[in-house]
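Contents: one structure, followed by commentary.
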Amino acid sequence: MLGLGILMSVAILGSQSAEAAEASKGTSKANFELQAGDNTTVPELLDPEIQPPTLNKGPLSLDSVSSFNFPTKKLGSESQAPLEATPVEGTKLGLQVTDSRGQDLGWKLKVSATDFETTGENKLTLRGAVMTIPEGKLTTGEGVDPLLTPTAYKVNLSSKATPIMSATSTQGRSSWSNAFEGNGEKVTLAVPSGNKVASYVSTITWSLEDAP
């Protein structure tokens, strides 16, 4: 009988809970404002192994970009295979772009390079040399929508400015790091035979445009 009474009490309480009516309610709000970046802030590097930082300020900026060293070769072996680059600073070859404008505006990063030449008055040119940067691997911050991912391109550098990364009007917001060798391809320099012995340098120019 005691057990039956307990069961009946639980059933009655459950019925009362199910039939309870809402006595009162209200609403409240949570407010948040997201502002565009400004030209006073230097973006943080997503991958500190890509050096050096440019110290450019936002809201649209090239934040870091590598310089390249290629190994020394002796005449007769320079044309056997493309030479593989190593970073002058840091441990990875790459760059970073940040778009903190917070609008559907898009952007385009172009790259060009001078001929490999010697310094001084009587300049020599490394004729027929071709430096290649692969498409690379793009990464961004945690939680960023993958649909915002810009496009990266494989480029043979020349005096003509060529897109190496671009974002349409619905892409590119946030920071994007491109590790040039992140997919296993190397930054290379192909040097044909027949050039003169010397030390050669090429100046690479990176230009970030505020339109897709």
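All values derive from a computational prediction rather than experimental measurement. The chain is numbered in sequence order, starting from 1.
In terms of heavy atoms, P134 sits closest to V187 at CD-CG2, 3.8 Å. The two residues P163 and V155 make their nearest non-hydrogen contact at O-CG2, 3.5 Å. Between L124 and A198, the shortest heavy-atom contact is CD1-CB, 4.0 Å. Nearest heavy atoms, D99 versus G172: CB-O, 3.2 Å.
Hydrophobic cluster of L75: the remaining members, joined at side-chain heavy-atom separations below 4.5 Å, are V197, listed by chain and number. Cluster note: L147 groups with no other residue, as no ILVMFWY side-chain heavy atom lies under 4.5 Å from it.
Using modelled atom types and a 3.5 Å distance limit, the side chains of T132 and N156 yield a donor-acceptor pair.
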- Task: I would like to know whether Y200 and T118 meet side chain to side chain contact (heavy atoms under 4.5 Å, CB included); could you show each step before the answer?
- Result: CA-CA 5 Å; Y200 298 89; T118 60; 3.9 Å; yes
- Message: Between R127 and D115, is the salt bridge (Lys or Arg N to Asp or Glu O under 4.0 Å) condition met? List the steps.
- Response: CA-CA 8 Å; R127 300 193 181 280; D115 290 334; over 6 Å; no
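Taken from CD in Q171 to CG in D104, the straight-line distance is 10.5 Å, to the nearest 0.5 Å. Of the inter-residue distances, the one linking T149 atom OG1 with M165 atom CE reads 9.5 Å to the nearest 0.5 angstrom. Interatomic distance, CD of E117 versus OG1 of T125, reported as 4.0 Å (0.5 Å rounding). A distance of 4.5 Å separates CD1 of I133 from CG of L157, quoted to the nearest 0.5 Å. Rounding to the nearest 0.5 Å places CD of E135 at 9.5 Å from NZ of K154.
Using a 30° and 60° split on the angle between ring planes, W206 and F180 fall in the parallel class, below 30°.
Looking at heavy atoms from C-beta onward, L95 lies in side-chain contact with L109 at the 4.5 angstrom threshold. Y153 places a side-chain heavy atom less than 4.5 Å from the side chain of S166. V191 has its side chain out of reach of F70: every pair of non-hydrogen atoms, C-beta onward, lies at least 4.5 Å apart.
Side-chain N or O atoms of N178 include one that pairs as donor or acceptor with a backbone N or O of K137 at under 3.5 Å. Side-chain N or O atoms of R101 include one that pairs as donor or acceptor with a backbone N or O of G106 at under 3.5 Å. In terms of modelled atom types and a separation under 3.5 Å, the side chain of T162 and the main chain of K160 share a donor-acceptor contact. Under the 3.5 Å distance criterion, the side-chain polar atoms of T203 are left unmatched by any main-chain donor or acceptor of T114. Between the side chain of N183 and the backbone N or O of G136 there is at least one donor-acceptor pair closer than 3.5 Å.
Applying the side-chain hydrogen bond (donor to acceptor under 3.5 Å, both in side chains) test to pairs two or more places apart or on separate chains, those with a residue in residues 40-66 are D38-T40, D38-T41, D47-K92, E49-T91, T54-N56, S61-D63, D63-Q96, D63-T98.
Partner P53 forms a side-chain contact (heavy atoms from CB on, under 4.5 Å) with one of L45, V42, L62, V65 and no other, that one being L45.
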